[in-house]
Number of protein chains: 2
Amino acid sequence: MRRMTARPANAHQARLLRLLRDGGPNSRAQLGDQVDLSRSKLAVEVDRLLETGLVVADGLAASRGGRRSHNIRLAPALRFLGVDIGATSIDVAVTNAELEVLGHVNHPMDVREGPVAVFEQVLAMAAKLKASGLADGYDGAGIGVPGPVRFPEGVPVAPPIMPGWDGFPVREALSQDLGCPVMVDNDVNLMAMGEQHAGVARSVGDFLCVKIGTGIGCGIVVGGEVYRGTTGSAGDIGHIRVEPDGRACVCGNRGCLEAHFSGAALARDAEDAARTGRSAELAARLEASGKLTAADVAVAAAAGDPTALYLIREGGNRVGQVIAGLVSFFNPGLVVIGGGVTGLGHTLLASVRTQVYRQSLPLATGNLPIVLGELGPTAGVTGAARLISDHLFSPA
Amino acid sequence: MRRMTARPANAHQARLLRLLRDGGPNSRAQLGDQVDLSRSKLAVEVDRLLETGLVVADGLAASRGGRRSHNIRLAPALRFLGVDIGATSIDVAVTNAELEVLGHVNHPMDVREGPVAVFEQVLAMAAKLKASGLADGYDGAGIGVPGPVRFPEGVPVAPPIMPGWDGFPVREALSQDLGCPVMVDNDVNLMAMGEQHAGVARSVGDFLCVKIGTGIGCGIVVGGEVYRGTTGSAGDIGHIRVEPDGRACVCGNRGCLEAHFSGAALARDAEDAARTGRSAELAARLEASGKLTAADVAVAAAAGDPTALYLIREGGNRVGQVIAGLVSFFNPGLVVIGGGVTGLGHTLLASVRTQVYRQSLPLATGNLPIVLGELGPTAGVTGAARLISDHLFSPA
DNA sequence: CTAACTTTCTCCACAGTCAGGACAAAGGCG
DNA sequence: CGCCTTTGTCCTGACTGTGGAGAAAGTTAG
């Protein structure tokens with residue numbers, strides 16, 4: 001079939017498309033209740049959208065005491081591709097226009113293999129999803145990469161953990177290969193957008209989304225919009241100092257948060273504990289697989305291993321300390337914790353909460369939920385789909 | 001004369017008023033170059049503004065090779081009142097519609113005397129300015145208070161250093177007394193707005209404005225707009241922990257930034273140094289006046305006193321440490337340092353810069369100016385005038 | 001089954017918004 | 001003095017958007 005070519009012609013149409021995306025099918029009358037336009041004007045704009053094929057009217061809804069309404073919905077054949085490139089693995093998903101994930105594949109891969117190899121893999125995964133019948137093509141794609149991005153151009157800038165990506169024209173290259181519009185953003189921002197769209201952050205205007213994976217980052221949402229900073233590096237909290245003269249960090253400094261707690265640091269600490277005999281549980285798991293990950297620590301902690309619990313609590317205290325500072329500064333309405341370490345669950349959360357509630361002032365913490373993300377690995381790909389749909393569902 | 005009663009009827013008119021406020025008198029043609037409206041539509045809106053009396057056309061500009069243009073300017077009789085209530089003194093200023101300060105008075109007063117006493121003083125100061133012939137009334141007033149504010153209502157909430165102000169209806173009360181519209185905000189936010197309007201932060205979209213006075217706070221500007229947070233306490237960085245098990249703070253915690261460095265902490269440290277014989281210079285000044293302030297330390301430092309210099313550098317390191325974290329997180333395009341301690345000047349600035357440039361990543365610091373505010377005591381009152389003019393120069 | 005009512009949707013007349021061209025006013029310059 | 005530029009005004013025509021009339025399609029009560 002032909003892909004989406006039209007774009008909303010004005011702000012009203014863009015508004016309607018987003019309402020249909022976020023609220024599902026609606027009648028003209030229901031749409032009218034939400035947009036502050038007269039019924040007549042609304043009808044005109046809906047008709048124009050129907051003409052472009054971006055939305056369709058299919059079937060009649062049940063009567064609510066009067067004439068039955070037509071269901072207006074986004075074109076059911078629209079497909080977005082959400083791509084989340086992590087430090088050690090790639091997630092790719094197809095969504096429909098309502099950003100529901102129809103299919104999701106994951107492939108382990110080190111981002112340091114460089115953009116060419118990674119995108120070869122991404123294209124293969126996109127093709128696989130297509131072959132499985134979930135899509136007959138893509139109308140747009142959102143891409144998340146684990147580092148700062150010059151957003152308007154969709155180009156990574158000076159990414160510390162992705163040598164070889166600096167300046168690579170991700171947006172342009174992928175747009176060419178996929179044959180559809182592409183938007184690129186930091187993976188942490190996409191996670192925030194995902195949780196905002198379909199997760200715990202629905203209806204919260206200002207919030208922080210802390211992603212603890214191989215590294216640590218923080219998505220910042222201000223007034224419902226992702227804040228990216230002057231050079232696209234906003235939220236880069238991994239190198240905030242938490243310990244004077246602490247551990248050496250890859251960035252060249254000492255005592256960075258990321259050096260003391262992150263997926264990578266936790267794995268290192270766990271292996272250390274296993275080798276020095278401080279934890280039989282961890283030692284057994286190291287024996288079995290040759291290396292340890294944050295997931296191993298989570299399992300050991302669930303089994304009651306005191307060393308694992310200690311490591312998680314210590315880490316939680318460190319992150320909590322930083323988050324406490326950010327809460328004082330930013331005064332968010334919600335803090336979401338997500339990423340690979342979500343498996344550490346409530347032990348981690350408890351430490352973070354303790355630090356924040358103890359250190360920050362009551363006015364900022366009084367009504368502040370600190371919660372785990374609820375979308376897990378789909379947060380990033382959902383956010384990616386949201387990114388491109390926000391772009392496409394805005395006036396050209 | 002009659003005060004301003006009309007408000008802009010639409011967004012175009014609001015836009016025009018702000019252009020005239022920020023750019024001074026303009027011809028219709030010059031305005032047309034800035035607003036993306038046809039000349040005809042522009043002429044209609046200008047005519048309507050002329051009818052309301054908000055703007056006037058007076059005189060002809062010099063020819064630039066063709067027909068001479070009419071000067072369109074904001075009504076010259078418009079007057080705004082800017083009020084900056086600090087912890088220990090009150091600043092009040094009159095401005096014209098272009099927010100130029102026409103008169104400025106200062107009065108020492110402890111904010112803890114409570115809102116009734118403070119506003120009595122404010123009204124007296126406003127009356128004094130009026131009596132001096134600078135204004136025949138006020139069209140609006142902006143008020144800054146040293147604590148968090150529930151912005152839409154203009155009411156202080158849980159202000160730590162202003163007992164007795166919690167919940168006091170500042171906006172309503174003053175609006176009644178002054179007989180004009182009033183807007184209330186945190187003093188730090190107003191300083192940021194002042195520096196944005198007329199100071200070092202012109203044309204910067206995202207920046208931080210750190211005010212170090214009796215306490216420490218930070219104004220946050222995102223996309224040209226002040227960000228206030230969920231409960232109005234954004235920027236409250238005084239109680240971020242900088243020293244595990246550090247000094248006891250009034251907030252009940254230990255190691256808060258404000259306990260280690262602020263105008264109050266610096267004065268305390270200086271008196272301590274004077275009494276323990278570590279600085280003859282400071283001891284002499286203590287002898288002379290009975291107590292020391294940040295200004296005394298500045299003078300001693302300027303005279304080369306090593307203890308004073310040490311205190312400033314130590315303090316700068318502490319603030320710099322916190323700012324470094326905020327820079328990583330927020331990735332601003334500019335950091336402004338202002339408030340009572342601006343007198344500490346470049347010694348302070350050097351320490352802050354050292355910390356930030358050392359601790360934050362190059363992408364965030366590469367093109368980041370860290371500068372002193374250039375408006376001094378007029379920053380707050382200018383920001384206050386800006387606050388109310390932004391309100392009045394927006395569609396009703 | 002019919003009448004009355006509700007809800008949804010369409011059609012139409014009218015007021016307002018706005019762009020762009022024609023043109024008048026007012027000056028400079030050779 | 002004629003030609004140029006700049007500024008400002010006026011007019012037409014296209015488009016935007018409102019609100020009312022009323023048709024379409026259903027439910028409910030008698």
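Proteins come first, then strands; the chains are lettered A, B, ... in the order of their sequence lines, and each starts at number 1.
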Can a donor-acceptor pair under 3.5 Å be found between the side-chain atoms of A/Ser40 and the base atoms of D/dG19?
yes
Verify the contact: side-chain N or O of [X] to OP1 or OP2 of [N], cut-off strictly under 4.0 Å; return yes or no.
| X | N | result |
| --- | --- | --- |
| B/Arg28 | D/dT9 | yes |
| A/His12 | D/dT16 | no |
| A/Ser69 | C/dT8 | no |

Roughly, in whole Å, what's the span from [atom1] in [X] to [atom2] in [N]?
| X | N | atom1 | atom2 | value |
| --- | --- | --- | --- | --- |
| A/His70 | C/dT7 | NE2 | P | 17 Å |
| B/Asn26 | D/dG8 | CG | P | 11 Å |
| A/Leu42 | D/dT16 | CG | P | 15 Å |
| B/Asn10 | D/dT16 | CG | C1' | 15 Å |
| A/Asp36 | D/dG17 | CG | C1' | 12 Å |
| A/Leu37 | C/dG16 | CG | P | 19 Å |
| B/Asp33 | D/dT6 | CG | P | 11 Å |
| B/Leu16 | C/dC18 | CG | P | 12 Å |

For [X], all residues meeting side chain to side chain donor-acceptor pair (under 3.5 Å), sequence neighbours excluded:
| X | result |
| --- | --- |
| B/Ser38 | B/Ser40 |
| B/His70 | none |
| A/Glu45 | A/Asn10, A/Gln13, A/Lys41 |

Among residues 44-58 of chain B, which ones have heavy-atom contacts with DNA chain D below 4.0 Å?
none
Kindly say whether A/Tyr138 contributes a backbone atom to a donor-acceptor pair with the side chain of A/Arg79 at under 3.5 angstrom?
no
I would like to know whether B/Asn26 and B/Leu19 meet side chain to side chain contact (heavy atoms under 4.5 Å, CB included); could you show each step before the answer?
CA-CA 9 Å; B/Asn26 266 280; B/Leu19 281 174; 5.7 Å; no
Please tabulate, one pair per line, each protein N/O and nucleotide N/O from nucleotides 22-24 of chain C that are separated by under 3.5 Å, including the distance.
| unit_1 | atom_1 | unit_2 | atom_2 | d |
| --- | --- | --- | --- | --- |
| C/dA22 | N6 | B/Arg39 | NH2 | 3.4 |

Parallel, tilted or perpendicular, as decided by the 30° and 60° cut-offs, for the rings of A/Phe330 and B/Tyr227:
parallel
Would you say that more than 12 heavy atoms from the other residues, nucleotides or ligands in this model lie under 6.0 Å from the CD of A/Glu225, or not?
no
Mark yes when over 12 heavy atoms from residues, nucleotides or ligands other than A/Asp58 sit less than 6.0 Å from its CG; otherwise mark no.
yes
Given that A/Leu60 and A/Ser38 both sit by DNA chain D, which one's nearest nucleotide is further toward the 5' end?
A/Ser38
Restricting to pairs with a member in residues 19-29 of chain B, which pass salt bridge (charged side-chain N to carboxylate O under 4.0 Å, His left out), not counting sequence neighbours?
B/Arg21-B/Asp390, B/Arg28-B/Asp47
Base, sugar-phosphate alone, or nothing: which one does A/Lys41 contact when heavy atoms must sit under 4.0 Å apart?
base
